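Structure first, commentary second.
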2 protein chains.
Amino acid sequence: MLSNSDKAGDDAVAAFRAVIRVYGLLGRIMQPYFHGLGISGSQWSVLRALVRVEQEGREGLRMVELGDRLLIRPPSISGLVGRLQKSGLVWRYLPKSDLRCKEVRLTPKGRDLVDKILKTHRNQIRYLMCGLNSGERQELLTLLEKLGNHLYSITNGLKRNGASTGTVEDLRG
Amino acid sequence: MLSNSDKAGDDAVAAFRAVIRVYGLLGRIMQPYFHGLGISGSQWSVLRALVRVEQEGREGLRMVELGDRLLIRPPSISGLVGRLQKSGLVWRYLPKSDLRCKEVRLTPKGRDLVDKILKTHRNQIRYLMCGLNSGERQELLTLLEKLGNHLYSITNGLKRNGASTGTVEDLRG
DNA sequence: ATCATCTCCTTAGCATGCTAAGTAATTCAG
DNA sequence: CTGAATTACTTAGCATGCTAAGGAGATGAT
């Protein structure tokens with residue numbers, strides 16, 4: 001019985017490793033691409049999130065909201081936004097409603113850069129992903145969304161447990 | 001015609017973003033897991049590669065081979081192996097055949113740790129991936145391998161081009 | 001045989017991620 | 001209304017990734 005589930009685990013390990021490998025390969029390609037644009041991939045994620053938020057009709061994002069969207073922790077957000085502010089692409093201010101928070105928004109210079117990058121960005125991503133045809137990309141998206149929902153529920157479990165170690169036992173035992 | 005390909009690009013962007021999100025979620029779960037084991041995910045990758053190489057009948061791996069397997073650059077390998085050596089898990093020596101190289105192998109302490117972790121590791125991965133059933137995991141693996149092969153051929157193109165900026169134009173124009 | 005080149009590794013310096021701990025503002029219990 | 005708990009952000013310190021540049025050994029053209 002255990003040997004059966006061992007075999008069932010093999011495709012789990014293989015798929016797990018494949019996600020990591022593909023992510024690594026994407027990074028190897030995207031890093032020099034962003035370097036040529038004068039920013040980093042992480043910085044692009046911030047700028048992109050701020051544009052999206054403007055399109056939703058809001059002027060800025062609180063730091064913690066940014067962290068939720070980008071899946072990174074508050075201290076990392078602080079550093080990232082700080083460097084973007086030093087570059088003049090982003091602006092940080094205190095909303096009057098809650099002085100604990102800081103909100104971030106694009107400067108005109110930041111918006112200009114995003115507009116410039118967006119003109120070609122979709123083509124770049126399309127080129128990376130053209131190893132799969134459209135049907136395959138949609139299938140991949142479906143599978144990753146399903147897996148992502150599962151993983152997200154695990155991270156919520158971690159959050160509820162406080163000082164968890166992230167193991168199966170913590171979450172199930 | 002461009003508007004058609006714009007629509008075709010949408011699923012490329014969505015799938016691209018899904019890979020990044022799933023990788024981020026995996027990291028959020030695996031990081032505390034490895035922390036509880038006394039090492040990091042990157043360090044585990046090194047130890048795991050060294051065990052695999054032993055199973056292939058070789059005693060150790062050159063630094064640069066390690067980098068190829070883990071998709072990281074030589075300076076990162078130096079630091080990673082250096083810290084593992086300081087922890088006594090790994091051993092670095094000069095092969096007589098080529099004094100430029102250094103080879104890395106597990107110490108007994110390192111092998112003991114790997115053996116201990118491997119007892120439960122597959123269950124942990126299986127738990128992460130159980131959001132998909134076995135057929136879905138195999139389908140995901142197939143898609144990611146196909147995409148990975150495409151991306152790998154792009155990185156080879158970057159290597160051949162020397163100081164490339166990693167854009168579509170560099171590789172196609 | 002020798003000089004140029006290539007390969008492998010390392011160091012220096014930076015960006016990005018994390019946890020732990022600290023400060024300031026808000027909220028809630030009494 | 002006041003004190004405790006919570007929430008948001010920051011700082012400090014570490015690990016990991018990168019590029020650029022340098023040194024030592026191997027290779028190759030002449």
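These numbers come from a predicted model, not from an experiment. Sequence lines set the chain letters: A, B, ... in the order given, protein chains first and strands last, and positions in each chain run from 1.
- When all heavy atoms are compared, the tightest approach of Leu80(A) to Gln43(A) is CD1-CG, 3.9 Å.
- The separation between Ile29(B) atom CD1 and dC18(C) atom C1' is 16 Å, rounded to whole Å.
- If you check every strand for non-hydrogen atoms under 4.0 Å, Ser78(A) touches a base.
- Using bins of under 30°, 30° to 60° and over 60° for the plane-to-plane angle, the ring pair Trp44(A)/His121(A) lands in the tilted bin.
- Per the geometry, CD1 belonging to Ile20(B) stands 15 Å off P belonging to dT16(C), to the nearest Å.
- A continuous path of Ile, Leu, Val, Met, Phe, Trp and Tyr side chains, each step under 4.5 Å between heavy atoms, connects Val51(A) with Leu47(A), placing both in one hydrophobic cluster.
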Tabulate atom names and distances for all N/O pairs under 3.5 angstrom spanning the protein and nucleotides 1-6 of chain D.
none

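- Rounded to whole Å, the distance from CD on Glu103(A) to P on dA8(D) is 12 Å.
- A straight line from CZ of Arg73(B) to P of dT19(D) spans 5 Å, rounded to a whole angstrom.
- Counting any heavy atom pair closer than 4.0 Å across all strands shown, Ser76(B) reaches a base atom.
- One can place CG of Leu61(A) at 15 Å from C1' of dC9(D), the figure rounded to the nearest angstrom.
- Distances were taken from every side-chain heavy atom of Met63(A) (C-beta onward) to each of dG25(D), dT10(D), dT16(D); the shortest belongs to dT10(D).
- Rounded to a whole Å, the OH atom of Tyr93(A) is 16 Å from the C1' atom of dC9(D).
- Of the candidates dT19(D), dC9(D), dT16(C), dC9(D) carries the atom nearest the Val64(A) side chain, counting heavy atoms from C-beta on.
- Residue Leu99(B) has its side chain nearest to dA26(D) when only dT16(C), dA26(D), dA20(D) are considered.
- His35(A) places its NE2 atom 10 Å from the C1' atom of dC18(D), with the value rounded to the nearest Å.
- Distance from the side chain of Lys102(A) is smallest to dC9(D) among dC18(C), dC9(D), dC9(C).
- Map Pro75(B) and Ser40(A) each onto its nearest nucleotide of DNA chain C; the residue landing nearer the 5' end is Pro75(B).
- Checking dC18(D), dC18(C), dT26(C) against the side-chain heavy atoms of Ile72(B) singles out dC18(D) as nearest.
- Atoms CG (Asp98(A)) and P (dT23(C)) sit 20 Å apart, rounded to a whole Å.
- Formation of a donor-acceptor pair under 3.5 Å by the Thr107(A) side chain with backbone atoms of Trp91(A) is not found in this model.
- In this structure, the nucleotide among dC9(D), dT26(C), dA20(D) sitting nearest to the side chain of Cys101(A) is dC9(D).
- Taking the ring centre of Phe16(B) as origin, the terminal cationic atom of Arg126(A) falls outside the region bounded by 6.0 Å and 45° from the ring axis.
- At dC8(C), none of the side-chain N or O atoms of Arg92(B) fall inside 4.0 Å of OP1 or OP2 (strictly under the cut-off).
- Contact between Pro32(A) and Gly27(A) at its shortest, heavy atoms only, is CD-O, 4.4 Å.
- The only option from Leu147(A), Thr142(A), Leu143(A), Leu141(A) that meets the side-chain contact (heavy atoms from CB on, under 4.5 Å) definition with Glu145(A) turns out to be Leu141(A).
- Transitive grouping of hydrophobic side chains (ILVMFWY, heavy atoms separated by less than 4.5 Å) keeps Leu94(A) and Val81(A) in distinct clusters.
- Arg83(A) comes within contact range of at least one nucleobase, with a heavy-atom separation under 4.0 Å.
- Among the nucleotides dA20(D), dG17(D), dG17(C), the one closest to the side chain of Leu80(A) is dG17(C).
- The phosphate of dA15(C) has neither OP1 nor OP2 within less than 4.0 Å of any side-chain N or O from Ser42(A).
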